[in-house]
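Since the structure comes first, as structure tokens, the remarks are kept for the end.
Below, each value reflects all heavy atoms present in this structure, side chains not excepted, and no hydrogens, waters or symmetry copies. For ligands, and for the atoms within them, numbers begin at 1 and follow the listed sequence.
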Amino acid sequence: MPHDFMPGLAGVPAAKSAISDVDGVRGVLEYRGIRIEDLCAKSSYLETAYLLLFGHLPSKSQLMKWTEDIIHHRRVKFTILDMMKCLPEHGHPMDALQAAVAALGMFYPGRNVQDVENNYWSAVRLVAKLPTIVAAWARLRRGDEAITPRDDLGVSENFLYMLTESAPHPVWADAFDDCLILHAEHTMNASTFTGMVTASTLADPYTVVASSIGSLKGPLHGGANEEVVQMLKEIGTPDRAKDFVEGRLRDKHKLMGFGHRVYKVKDPRAVILQSICERLFRECGSSPLYQVAQEVERVAGKLLNEKGIYPNVDFYSGIIYDKMGIDVDLFTPLFAMARVSGWLAHWLEQLRENKLFRPDQIYAGEHDRPYIPLDERI
Ligand code: ACO
């Protein structure tokens, strides 16, 4: 039966899901029915990952086991690290992450995705190892050795420790953990859909996550947070924001970190990230980028808000990471190491009632063209 073509599948449901929900008009995002504001205030990234994957908040003993399982699987085999040392040091960290995650699948057998036990351990390994891989690449590309994870530190503290070789200020670790929660899941976005298409072929979860990483890399998706910080640095000072924004829009360029397919109000994640900025910069010193960002939001708002275009999650996240001294090209890998729990939750959900994704197309080419021999072609 013919259907209308919807470019970008805008508005076309691709799955039934109980994992998260967005109300783009009211600006509400819930994971398993719980608002992100509550999760940031009361939960941790690891507990939130459990909630996404298994559908409910863990009991004390479940959380203890989940935490122990994650801690025991954080380390990455030395052969993976050796493989990463062979990658070009100027390569993008998302490519290194994608390569390492794809390679993980070769080390952990059990391609039978109907095996519930094996799927649990695959999820544990991926949630546990992605931060180690991201931190390792940040060091290996500079010629430094990767730092072994510390079992006494939580996810965020340990990640910042593996990056910098010193345990972070608790305010930073808290802020970072909230960032991970906010990036953990977001309904049917491009990278999640990519992973689900791969999952529907019954490919192993390492391949599923590697394909999602590839999709997240693009500047219209996760890659926007890098471009936001570059844009704010280019603007430099708040007094230059007005001319810059007006010039961009006059030249029909998009403003990075603005706009969303679903939100027609300010992205609730951007609201929370902005409050994290306020808290962080009050306690740890101000950020010139934040001041520029506030002015960009103010002047862009006058021109774009009436079209339903507001800051999205990528607008303020990079400013926080920049303040922590994290390299700009690591921002999207940070997104990936948080989003892996959402991708895996969709993978497990997809497997429960799997149907191979095989959409239709509207053929717009020609038919019955003659084959012209090579020496007769012009
Ligand atoms: N700056 C200026 N104008 C914009 C912006 C923007 N950031 N976003 C959308 N618009 C305008 C478009 O120019 C277009 O205007 P027109 O109707 O006058 O031609 C209209 O809004 C619709 O734009 P589309 O790109 O068709 O809207 P879509 O829903 O497909 O866009 C998207 C969503 C891709 C996120 C878009 O807003 C964008 O490119 N934003 C910048 C990149 C970005 O920040 N991406 C991160 C998104 S969040 C995430 O993925 C984690």
Subject >> atom 1 (N) of ligand 1 - nearest protein heavy atom and its distance >> reply: Leu255 N, 2.8 Å
Original post:
Hey, does Phe331 have a side-chain heavy atom less than 4.5 Å from the side chain of Glu227?
Top reply: no
Original post:
Phe335 heavy atoms, cut-off 4.0 Å: which ligand 1 atoms fall inside?
Top reply: 51 (C)
**OP:** Would you indicate whether the side-chain heavy atoms of Ile133 and Trp137 approach each other to under 4.5 Å?
**Re:** no
Original post:
Would you say His221 and ligand 1 have an N/O pair spaced under 3.5 Å apart?
Top reply: yes
Original post:
Between Val313 and ligand 1, does any nitrogen or oxygen pair lie at a separation below 3.5 Å?
Top reply: no
Original post:
Any protein heavy atom lying closer than 4.0 Å to atom 32 (C) of ligand 1?
Top reply: no
**OP:** Select one of side chain, backbone, both or neither to describe which atoms of Ile309 lie under 4.0 Å from any atom of ligand 1, heavy atoms only.
**Re:** side chain
Subject >> Nearest neighbour of atom 24 (P) of ligand 1 from the list Glu227, Lys254, Lys264, Arg339, on a heavy-atom basis >> reply: Lys254
Subject >> Residue Ala224 vicinity, atoms of ligand 1 by number, heavy atom under 4.0 Å >> reply: 43 (C), 44 (O), 45 (N), 46 (C)
**OP:** Answer yes or no: is there a side-chain heavy-atom contact under 4.5 Å between Asp204 and Ser122?
**Re:** no
Original post:
Who's closest to atom 44 (O) of ligand 1 heavy-atom-wise, of Gly259, Gly257, Gly223, Ala190?
Top reply: Gly257
**OP:** Do me a favour and list the nearest non-hydrogen protein atom to atom 28 (P) of ligand 1 with residue, atom name and distance?
**Re:** Arg261 NE, 3.6 Å
Original post:
For the residue pair Tyr263 and His186, is the inter-centroid distance of their aromatic rings smaller than 6.0 Å?
Top reply: yes
Original post:
Would you call the rings of Tyr50 and His56 parallel, tilted or perpendicular if under 30° counts as parallel and over 60° as perpendicular?
Top reply: perpendicular
Original post:
Any side-chain heavy-atom pair from Gln114 and Asn119 closer than 4.5 angstrom?
Top reply: no
**OP:** Provide, to 0.1 Å, the distance between atom 16 (P) of ligand 1 and the closest protein heavy atom, together with that atom's residue and name.
**Re:** Lys307 NZ, 3.8 Å
Original post:
Should Glu366 and Arg369 be marked as a salt bridge (Lys or Arg N to Asp or Glu O under 4.0 Å) after you check the CA-CA gap, both sets of side-chain angles, and the distance that decides it?
Top reply: CA-CA 7 Å; Glu366 297 174 46; Arg369 296 175 73 192; 3.4 Å; yes
Original post:
So is Phe258 polar-close to ligand 1, meaning N/O to N/O under 3.5 Å?
Top reply: yes
**OP:** Using the side-chain hydrogen bond (donor to acceptor under 3.5 Å, both in side chains) rule, take Ser191 and Ser215 through it: C-alpha gap first, then chi angles, then the decisive distance, then the call.
**Re:** CA-CA 5 Å; Ser191 56; Ser215 179; 5.3 Å; no
Original post:
Under 4.0 Å from atom 4 (C) of ligand 1, do we find at least one protein heavy atom?
Top reply: yes
Original post:
Got the closest protein heavy atom to atom 42 (C) of ligand 1, with its distance?
Top reply: Met256 SD, 3.6 Å
**OP:** Would you check if Val245 and Arg240 make a side-chain contact, meaning some heavy-atom pair closer than 4.5 Å?
**Re:** no
Subject >> Residue selection (non-hydrogen contact nearest atom 2 (C) of ligand 1) among Asn312, Val245, Leu249 >> reply: Leu249
Original post:
Among the heavy atoms of Asp267, does any lie under 4.0 Å from an atom of ligand 1?
Top reply: no
Original post:
Can you list the atoms of ligand 1 that are under 4.0 Å from a heavy atom of Asp314?
Top reply: 46 (C), 48 (S), 49 (C), 51 (C)
Original post:
Taking the six-membered ring of Tyr161, is the NZ or CZ of Arg139 close enough (under 6.0 Å from the centre) and on axis enough (within 45°)?
Top reply: no
Original post:
Side-chain heavy atoms under 4.5 angstrom apart, residues restricted to Ile, Leu, Val, Met, Phe, Trp, Tyr: same cluster for Ile19 and Val28?
Top reply: no
**OP:** Show the numbers, then the answer: is there a side-chain hydrogen bond (donor to acceptor under 3.5 Å, both in side chains) between Glu117 and Trp121?
**Re:** CA-CA 7 Å; Glu117 177 79 5; Trp121 290 109; 3.2 Å; yes
Original post:
Tyr290 vs Phe281 aromatic rings, parallel, tilted or perpendicular, using cut-offs 30° and 60°?
Top reply: tilted
**OP:** Decide whether an N or O pair under 3.5 Å exists between Leu220 and ligand 1.
**Re:** yes
Original post:
Within a distance of under 4.0 Å, is there any protein heavy atom near atom 47 (C) of ligand 1?
Top reply: yes
Original post:
Does some non-hydrogen atom of Phe315 fall short of 4.0 Å from ligand 1?
Top reply: no
**OP:** Considering only protein heavy atoms, determine whether one is less than 4.0 Å from atom 39 (O) of ligand 1.
**Re:** yes
